[in-house]
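Structure first, then comments.
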Amino acid sequence: MDLLKGLNKEQKEAVMHTEGPLLILAGAGSGKTRVLTHRIAYLIKEKNVNPGRILAITFTNKAANEMKERVEGILGETAKDMWISTFHSACVRILRRHIDRIGFKRNFVIYDSADQKTLIQDCMKEINVNERLYDPKAVLNAISRAKDELIEPDRYMKMNESDFRSRVMGEIYALYQKKLRLNNALDFDDILFYTIKLFIENNDVLQLFQNQFRYIMVDEYQDTNTAQYHLVSLLAQKHRNICVVGDDDQSIYLFRGANIRNILDFEKEFKDCRVIKLEQNYRSTQTILKAAYSVIRNNKERKDKKLWTQNIEGEKIKSFEGDNEHAEAVFVASEIKHLCSKGKNYRDFAVLYRMNAQSRVIEDTFIREGIPYKIVGGLRFYDRKEIKDVLAYLRVIQNPGDTISLKRIINTPRRGIGSTTLERAEEIASINEDSIYNVIRSSNLYPELQRASSKLDSFCNMIEEFTGMKDQIPVSELIGRVIEVSGLLSELEKEDTIEANSRIENIKELISVALEFEAQENSGGLEDFLAQISLVSDIDGFSDKEDSVVLMTLHSAKGLEFPVVFITGMEEGVFPSYRSVAYETQLEEERRLCYVGITRAKELLYLVNAKSRTLFGSTSFNLVSRFKEEVDSMLLEDANRTSSKGSVFTGGFAANGFIKQTKNEKPNFDFCEGDMVVHRKFGVGIIVSIEEVEDDFKVEIQFRKSGMKRLMAKYANLVKL
DNA sequence: TACGTCTCACTTTTT
DNA sequence: GTGAGACGTA
């Protein structure tokens, strides 16, 4: 197979330029994934490079897996030894082997943002910092930025000596790092930070990897931070075969510490660097590209460039203004239905919004209209309470020194070990410079723990029983034992509510995740399982295999494409977000986000806004988004006139009102299957089936939040929507 | 120690 | 509108 076939001149050049530094400026839809995959295949096939000597970094696991599959698709064989992964997974892999060189144990655990928050609160309590004066989130953010910039606590404090506030932050930072180390835990930023530290302090380890990675590629380079830049340049120092791909117009993570200078200054850093621009777009119609350009050209801080395409001009951009968010959602639903009747599939549509809170109304409308949909983002599976509980058990089993997890489970489910006991144990631990676990393990030594001693003992015995089996049985089985023995499962079963049942379902889902993990080749044990799942994101689970509309934030949509895209909430204060309008740089980032959104569309784009919107409990009347106003009016078509408003229900909830019903009234049964109803406790749902029983009806309802529920109509007090 | 009530805050978030 | 966390009471 000819690896260069079907590539344009620039793409070919990028594939064949294998030696020396290379910067690929790849516009949206210009085929950069194609270039990267062909480049890897070219290295292996044409240049006889051993796959193990290639390192390709992507930003999500999903992108990594796709790239792997595509390379294997081209080569027709598996090239397992390739390192195609995210920054974080690659670093974890390195650290698992060598982290003992910088004083951690190799069985370290990874703390997610919730763990980070708990830990930071602990730190603040310990040094008496008032949470009202120092918002834990802001402190965490400052620490995270510092780590991105490779600034350690002592340097942070020196840098900020004159500023009292920053000095306090520095103290918290120092304690936070100390506690992480005591827990043998790393947060996300540490994973990169300590890999770099490992390399800098251990030249032999650095050389090992410098030698191994002869060819390095980094995707989405515009979103890398300073730490990531350093990591890459350290690794690439020896062979200098570094290829980065990015687009400064699609940089949307500056707020998280991404450093745009990485891509803008790449040419300065690597003097002999070759620069290739991919400017031909293969994705979108001319109209969509023009619209995208008419928006992005308003940014001052950008290198001017313009994408072009040979694609058809295509349909005009559809503009719609609803009275409120309900009308907006109804419009989207009716357009989807209309287009589906003309041959489109549900999977051809994406509905994008600025923030997750906007998804609810759209969801409600889709349920009512029977449109299948899938949401990316929102509450992550691994952030659910029941999942976090189970995982906390596993983490303590893996690493009893992990006090954050220990504190989470020591009284969950309740076993009479309250906060008093815990506080005492914590104090002893801090005096003895020992872990809490070791303290409660030998609670009989401490008179202040005497009262809880037997409870503590049985807790520790349970944990140790698990520890004993962790290497004997697969993870899935271990989870089974944990939920059984700990009482987590029986607690939920006892509750016997819809919610509890759905929690049990989620735990079962976790067990199947573990089974999947075990099915992987050389999957490893508990430690690998925990590391793997702490590095997954929501988008990783998204696939377009099933036929449903996808709902997600504009951020999540990056890297994806859809035939039809709706961008909703095009209002000042929503998009651009109210927090960004006062700052030019933030506003420009919002505009790039808009550019990303527009360029997701292949054939048809809708820009939708509402005159009024209720968000966070208050209603506001917003102006049309400046981004929508920036789109050349020649490209727009007013869909308020042409829309296919047909049979679809067009009022808001308020317009219909809620009809009051009293409990013992005989149900006036004008309900039928498929009706949308509201229940006082369970919320909005849809009637799945109705069965007549004696003088009443048994109704089965799928509630949006609480799942499936069978109710007697007489008592259910259902209200039709 | 456990549970109920009150208050507040609330963008985006590849890992 | 909603959920998490703090705080106070039985």
Can you tell me how far C1' of C:dG3 sits from CZ of A:Arg360, to the nearest Å? 12 Å
Can you name the residues that form a salt bridge (Lys or Arg N to Asp or Glu O under 4.0 Å) with A:Lys388, not counting sequence neighbours? A:Asp112
Write down the protein N/O and nucleotide N/O pairs, taken from nucleotides 5-12 of chain B, whose separation is under 3.5 Å; answer none if there are no such pairs.
from, atom 1, to, atom 2, distance (Å)
B:dT12, OP1, A:Asn356, N, 3.1
B:dT12, O4', A:Arg354, NH1, 2.7
B:dT12, O2, A:Arg354, NH1, 3.4
B:dT12, O2, A:Arg354, NH2, 2.5

List for me each residue that meets side chain to side chain donor-acceptor pair (under 3.5 Å) alongside A:Tyr134, sequence neighbours excluded, and say none if there are none. none
Length of the CG-C1' vector between A:Leu615 and C:dG3, whole Å: 15 Å
Which whole-number value in Å describes the distance from A:Gln121 CD to C:dA4 P? 14 Å
Sequence neighbours excluded, which residues qualify as salt bridge (Lys or Arg N to Asp or Glu O under 4.0 Å) partners of A:Arg395? A:Asp115, A:Asp402
Mind checking ring-ring contact (aromatic ring centres under 6.0 Å, His included) for A:Tyr578 and listing every partner two or more places apart, or none if nothing turns up? none
Across the strands shown, which category fits A:Asp189 at heavy-atom distances under 4.0 angstrom: base, sugar-phosphate, nothing? nothing
Rounded to whole Å, the CD1-C1' distance (A:Ile410 to B:dT1) equals 15 Å
Given atom CG of A:Leu254 and atom P of B:dT14, what is their separation to the nearest angstrom? 16 Å
Would A:Arg579 pass as a cation-pi partner of A:Phe255, given that its NZ or CZ must be under 6.0 Å from the six-membered ring centre and within 45 degrees of the axis? no
Just the rounded figure in Å: distance from P of C:dG1 to CD of A:Glu325. 11 Å
Per nearest nucleotide of DNA chain B, the residue lying toward the 5' end, A:Ser113 or A:Thr421, is A:Thr421
Please list, chain by chain and in numerical order, all residues satisfying salt bridge (Lys or Arg N to Asp or Glu O under 4.0 Å) with A:Arg626, sequence neighbours excluded. A:Glu572
For atom CZ of A:Arg415 and atom P of B:dT1, their distance in whole Å: 14 Å
How close or far is atom C1' of B:dT13 from atom OH of A:Tyr353, stated in whole angstroms? 14 Å
